[in-house]
> 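My questions will all concern the structure given below.
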Amino acid sequence: KIVIDTVVGTKIGEASIDAHLQGPLKTVFQYISAEPIGVAGDIVTDIGKIEGSADLRLNVSFPTLAELPAEKIKVTAEGTGDKILMPGLVNKLDVSGGPVKVTGKNQRVDVSGKGRIDGRDMNFTYAQYFEAKGNPFGMQVVADVMADSDLRQKFGVDLSDWIEGSVPAKITYTDFGGGRAEVEASVDATPATLMVKPMSYTKPPGKAAKASARAYLQNNILTEIKNLSVETPEGRVEGAQMRFVQSGKETLLKSGELPRARLNESDVAIKFDISPQNIISMSIQGPFFDARPFLENDKKGADYHGPGLIANVKVARMRTAEARLIEKAAASIDVDTQGELNRLTLDATAGAGPLLFRYQPEGNRMILRISAQDGGAALLAFGVYENTRGGQLLVEGESAPGGDKKLISGKAELTNFRVINAPVLARLVNALSLPGILSLLGSDGIDFARLESQFTWEKRKGVDLIRTK
């Protein structure tokens, strides 16, 4: 039905077209893509390859002008579609489904219902403006879908070092035209395994967790993630940003910032870069940091295969062992992709004085140097021995030049210290029958002028071997 209220004279008339369309869905898109509507340039799918059927009531009204601007065209539509297929609609992934509800008004077409994206079930809404210019977007798809590893990679995000398994996700994909698009995702990560390998953290499937983020794409390639938030029972990350680079057909994580990351006791700000060799260079600052995962990575029997780590840490307090802390800590840590500790340097305060720790390469050898003004506090902080008080500690060792860098020999010396609550020493004193000494061990302890030993330290996977003499 066609109505034109003015056909002659100078007055601008109004044309109204009512149509009942039944047939192939692509015919509807061919109709709205042709003049005078002309939306073909803003439709991201290949109209000629659209499949499915449509049953629509359509009204098109416009002024009878010789040159008709698109914004003067008013289109309203309502109906259904079924067995639809829109190839490459979302980041080059096919969207299919039906039955769906179809409406159109205010220069926009909306489709909603049950469907599939790249073969995965979803509930979705699809919105398409006749023209992206002057509108919030050109096209938008909102979907509730189970996002597995394959789907994440097809969106250009390889997170295999950080997440395993499928997660229910609400994804909003918005195309602004000109190759620019955004993806907003909200994820229930409870069914998945989350991993932060350098910090020895794993969230098993079944433990509650959630995440959200906004991703930015250019020409279907992920370039950046902003406003990343992750929440688990052990911690929370808020407002994180990540940047990506293209390597062949892969999109790789390149760098990022976590303004605040809390994991168990750790509460820090983190900045990082990742090299093509899968080495993470990281800066960590904050009020508290649990360093045990970094110190213990090379002591685990299980093989480690993950990103390497070069970290510089500056924190007010650092946990080095169970119920043990050091303060004003500045550390540098180097762990390779096999979990081997290549370098550890530390300057901090342990107890009443400064602590220095150096384990690092020097020429063709590895050197070890430990000095502490409060030797007892240093031994306590690293879980070596808990019954020493005070004293000056000095440990110096090195590997043979050009030899096995995991075999270090040297000398350890502790001077002017006190031993308390030492049952082994007490038995020794008792055997020597030194009167009065046993009572000292049970109270204030015994003062010693010097303890000196030669040592050999053999670094092993799982358990280190230390020989003294």
> Could you check whether Phe137 and Phe176 have their ring centres less than 6.0 Å apart?
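No; Phe137 has its ring centre 6.0 Å or more from that of Phe176.
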> Measure from the side-chain N and O atoms of Arg292 to the backbone N and O of Asp290, and report whether any donor-acceptor pair falls under 3.5 Å.
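Answer holds: no.
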> If we ignore hydrogens and angles and just use 3.5 Å, is the side chain of Thr349 paired with the main-chain N or O of Gly353 as donor and acceptor?
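No.
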> So, using salt bridge (Lys or Arg N to Asp or Glu O under 4.0 Å) as the criterion, who are the partners of Asp121 when residues are at least two apart?
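Salt bridge (Lys or Arg N to Asp or Glu O under 4.0 Å) check on Asp121 returns Arg116.
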> With distance as the sole test, does Gln218 use its side chain to make a donor-acceptor pair with the main-chain N or O of Gly178 at under 3.5 Å?
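Checked: pair present.
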> Identify the two heavy atoms, one from Thr251 and one from Phe244, that lie closest to each other, and give their separation to 0.1 Å.
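Scanning both residues, the minimum pair turns out to be CG2-CB, 3.7 Å.
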> Give me the atom names and distance for the closest heavy-atom approach of Asp94 to Pro87.
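The pair with the smallest heavy-atom distance is OD1-CA, 3.2 Å.
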> Would you say Lys328's side chain and Asp347's backbone share a donor-acceptor pair under 3.5 angstrom?
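No, because the side chain of Lys328 does not come within donor-acceptor range (under 3.5 Å) of the backbone of Asp347.
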> Are the side chain of Thr202 and the backbone N or O of Pro204 linked by a donor-acceptor pair below 3.5 Å?
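Side chain of Thr202 to backbone of Pro204: no pair is present.
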> Under a 3.5 Å distance rule, please check whether Asp374 uses its side chain to pair with a backbone N or O of Ala352 as donor and acceptor.
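Here the side-chain-to-backbone pair exists.
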> Working to the nearest 0.5 Å, report the span between CD of Glu362 and CD1 of Ile367.
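It comes to 4.0 Å.
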> Using 0.5 Å steps for rounding, measure from the CG atom of Leu253 to the CG atom of Asn278.
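If we round to the nearest 0.5 Å, Leu253:CG and Asn278:CG are 9.5 Å apart.
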> Between Asp175 and Arg180, does at least one N-O distance fall below 4.0 Å, as a salt bridge requires?
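Arg180 and Asp175: not salt-bridged.
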> Atom CD in Glu265, atom CG in Leu325: separation rounded to 0.5 Å?
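Answer for the CD-CG pair, Glu265 versus Leu325, is 7.5 Å.
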> With salt bridge (charged side-chain N to carboxylate O under 4.0 Å, His left out) as the criterion, how do Lys83 and Glu51 come out once you've worked through the C-alpha distance, each side chain's angles and the decisive distance to 0.1 Å?
CA-CA 7 Å; Lys83 299 179 181 177; Glu51 297 180 8; over 6 Å; no
> With side chains defined as the heavy atoms from C-beta onward, is the minimum distance between Val141 and Leu89 less than 4.5 Å?
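Yes, their side chains come closer than 4.5 Å.
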> Checking Arg358 side chain against Leu346 main chain: does a donor-acceptor pair fall under 3.5 Å?
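Checked: pair present.
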> Okay, side chain of Lys405, backbone of Asn342: is any donor-acceptor separation there less than 3.5 Å?
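No, because the side chain of Lys405 does not come within donor-acceptor range (under 3.5 Å) of the backbone of Asn342.
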> Quick check against the 3.5 Å criterion: does Thr415 have a side-chain atom that pairs as donor or acceptor with the backbone of Ala449?
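Absent.
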> Return the minimal non-hydrogen interatomic distance between Asn312 and Ser332, and the atom names on each side.
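What the structure gives for the nearest pair is OD1-OG, 3.4 Å.
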> Quick one: do the Gln128 and Tyr126 side chains pair a donor with an acceptor below 3.5 Å?
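A pair is found: one side chain offers a donor N or O, the other an acceptor, under 3.5 Å apart.
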> Are Pro205 and Pro191 side-chain neighbours, meaning at least one heavy-atom pair lies under 4.5 Å?
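They are not in side-chain contact.
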> Assess the residue pair Glu184 and Arg214 against the criterion (salt bridge (charged side-chain N to carboxylate O under 4.0 Å, His left out)); give the C-alpha distance rounded to whole Å, side-chain angles, the decisive distance to 0.1 Å, and a yes or no.
CA-CA 4 Å; Glu184 187 171 358; Arg214 183 183 294 270; 3.0 Å; yes
> Mind checking whether Tyr173 and Met139 have side chains closer than 4.5 Å, heavy atoms only?
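They are in side-chain contact.
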> Decide yes or no on salt bridge (charged side-chain N to carboxylate O under 4.0 Å, His left out) for Asp447 and Arg418, but give the supporting numbers first.
CA-CA 4 Å; Asp447 291 328; Arg418 175 172 293 183; 2.6 Å; yes
> Within 45° of the six-membered ring axis of Phe124 and under 6.0 Å from that ring's centre, is NZ or CZ of Lys114 located there?
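No; the conditions do not both hold, so Lys114 does not lie above the ring face of Phe124.
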> Between Thr174 and Gln140, is there a side-chain donor-acceptor contact under 3.5 Å, judged purely by atom types and distance?
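Their side chains do contain a donor-acceptor pair, which is all the 3.5 Å distance test asks for.
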> Arg236 side chain to Pro233 main-chain N or O, any donor-acceptor pair under 3.5 Å?
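Side chain of Arg236 to backbone of Pro233, a donor-acceptor pair under 3.5 Å: no, none is there.
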> Which heavy atom in Tyr359 sits nearest to a heavy atom in Leu341, and how many Å separate them?
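Scanning both residues completely, I find the closest heavy atoms to be CE2-O, 3.6 Å.
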> Can you confirm whether Glu257 sits close enough to Ile270 that some side-chain heavy atom of one is under 4.5 Å from a side-chain heavy atom of the other?
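No. Closest side-chain heavy atoms not under 4.5 Å.
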> Kindly indicate whether the side chain of Leu407, heavy atoms from C-beta on, has any atom under 4.5 Å from the side chain of Thr456.
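With C-beta onward as the side chain, the pair touches.
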> May I ask you to say whether Arg243 pairs ionically with Asp273, meaning some side-chain N is under 4.0 Å from a carboxylate O?
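Looking at Asp273 together with Arg243, the answer is no, because their closest N to O distance does not fall below 4.0 Å.
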